[in-house]
Number of protein chains: 2
Amino acid sequence: MATRTDAPTRREQILKEAARLFAERGFHGVGVDEIGAAVGISGPGLYRHFAGKDAMLAELLVGISGQLLTGAKRRLAEADGVASEAVLDSLIEGHIDFALDDRPLITLHDRELDRLRDSDRKLVRQLQRQYVELWVGVLREVHPGLAEPAARSAVHSVFGLLNSTPHLGRPGSLPGRGATAQLLHRMARGAFEAAGAE
Amino acid sequence: MATRTDAPTRREQILKEAARLFAERGFHGVGVDEIGAAVGISGPGLYRHFAGKDAMLAELLVGISGQLLTGAKRRLAEADGVASEAVLDSLIEGHIDFALDDRPLITLHDRELDRLRDSDRKLVRQLQRQYVELWVGVLREVHPGLAEPAARSAVHSVFGLLNSTPHLGRPGSLPGRGATAQLLHRMARGAFEAAGAE
DNA sequence: CCCTCAGGTTAACGACCGCTAACCTCCCTG
DNA sequence: CAGGGAGGTTAGCGGTCGTTAACCTGAGGG
């Protein structure tokens, strides 16, 4: 993967600040003037980069869902012939990285979906569903006794566990990123194992 | 506990509908006219019962936090001399009951806190903190090896897991309330045990 | 039998917000 | 060195929203 080293574009700046603000005060709670101010331009200047406030949210949510799904597919492809447990660990690791590095996005992801236009919402939901089903498939290889509906519930619940990072206090009060990641990983595995034990 | 059998007051109707609407579309996404319509009166009629829209949200959030804390304290008091594991199970059970029965409130609880006036927000946060610390205390009796910061993180994460119920599909697609409650309970226990195993 | 008051109603005000219009100003390029 | 587009600016429009004001009504009590 080509890691970005060049400066972020204005568009990217806007998206990042918008994500932070939306996560902090909700989509309707943030005005375009505030988003503009956060990147040093004023309100209507944003319309040179986005069709409207809705478009920013849409691009954020589609981007998140797509990124999660793409990452998961890649991890699945890389692990060809590897034990299912290792694949599940890889999925967990990827999700934790995302939850720890992009907390505002994780917050938006399950909070502002209903503010989207119908077509965008359908797209996001479809990406989310694919992501969930991918997890469900791997999980049921590791725990064959788990029925599909229960597996799906378990996956959603573990997402809830992993996505709890925004509630873990501001970065700094934590025991350190590595330790937190390990703790979350152990807990996710423990939760799955407990789900699998009928 | 005195179980209510008499008809709900108008105030209670309003709070219930407001909670549902706030959970569905966010605090700023719902107008007072909609809340009024949901209980059969029109917009400004609400002001005979509440000082304003903010006051409804405040009463909801304070109520939720207080209810959770009160329930937990009661469970702790009832279990005098009982094994710590059983107390932890009782706490989990109480939280699951709440998460399954009052999904809109659970959604609001960690989503709209920042929309409150300073004083109300402080009160809610204080109640939440007490609730968390109560769990942390019991958890560290069950798993003495768990350091306090890790225990607190673990508790927050399990809350995330248990509060995932709104994502589990509308009631009906689930394998049934009892089975879902049991699954969540097993997963919470599993997550805690994995957290305790250094 | 009137008075009161709880609990509604509609009209309207002021603030705010998303967005557009009109204009300006560099910078790049032929 | 003209010119044009990218990326800003401010002014302002139209709609929405929370809230208040003024008024209405039906039930209960002295």
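For the numbers below, each heavy atom of this structure counts, side chains included, while hydrogens, waters and symmetry mates do not. Naming: A, B, ... by sequence-line order, numbering from 1 per chain.
Per the geometry, CZ belonging to B/R11 stands 13 Å off P belonging to C/dG8, to the nearest Å. At whole-Å resolution of the value, OH in B/Y47 and P in C/dA12 are 19 Å apart. Between the CE atom of A/M56 and the C1' atom of C/dC19 there is a distance of 11 Å, rounded to whole Å. Straight-line distance from the CG atom of B/L57 to the C1' atom of D/dG18: 15 Å, rounded to whole Å. In this entry the distance linking NZ of B/K53 with P of C/dC16 reads 15 Å, nearest Å. Atom pair B/H28:NE2 and D/dG18:P shows a separation of 10 Å (rounding to whole Å applied).
For the pair A/E78 and A/R75, the salt-bridge criterion is not met [side-chain N within less than 4.0 Å of a carboxylate O]. Checked for salt-bridge contact, A/R152 and A/E133 meet the test: a charged N lies under 4.0 Å from a carboxylate O. A salt bridge links A/R20 with A/E24; the closest basic N to acidic carboxylate O contact falls under 4.0 Å.
B/V30 comes within 4.0 angstrom of the backbone, heavy atoms only, and of no base.
Inspection of the A/H143 and A/E193 side chains reveals no N or O donor paired with an N or O acceptor under 3.5 Å. Between A/R117 and A/S119, the side chains place a donor N or O and an acceptor N or O closer than 3.5 Å (distance only, hydrogens not considered).
With sequence neighbours left out, the ring-ring contact (aromatic ring centres under 6.0 Å, His included) criterion links A/F22 to A/F27.
Minimum heavy-atom separation, A/L91 to A/V138: CD1-CG2, 4.0 Å.
For the segment residues 14-23 of chain B, no residue has any heavy atom less than 4.0 angstrom from an atom of DNA chain D.
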How does protein reach along nucleotides 6-11 of chain D, written 5' to 3' as B (base within reach of a heavy atom under 4.0 Å), S (only sugar-phosphate), or - (no contact)?
-BBBBB
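The ring of B/H95 has its center closer than 6.0 angstrom to the ring center of B/F159.
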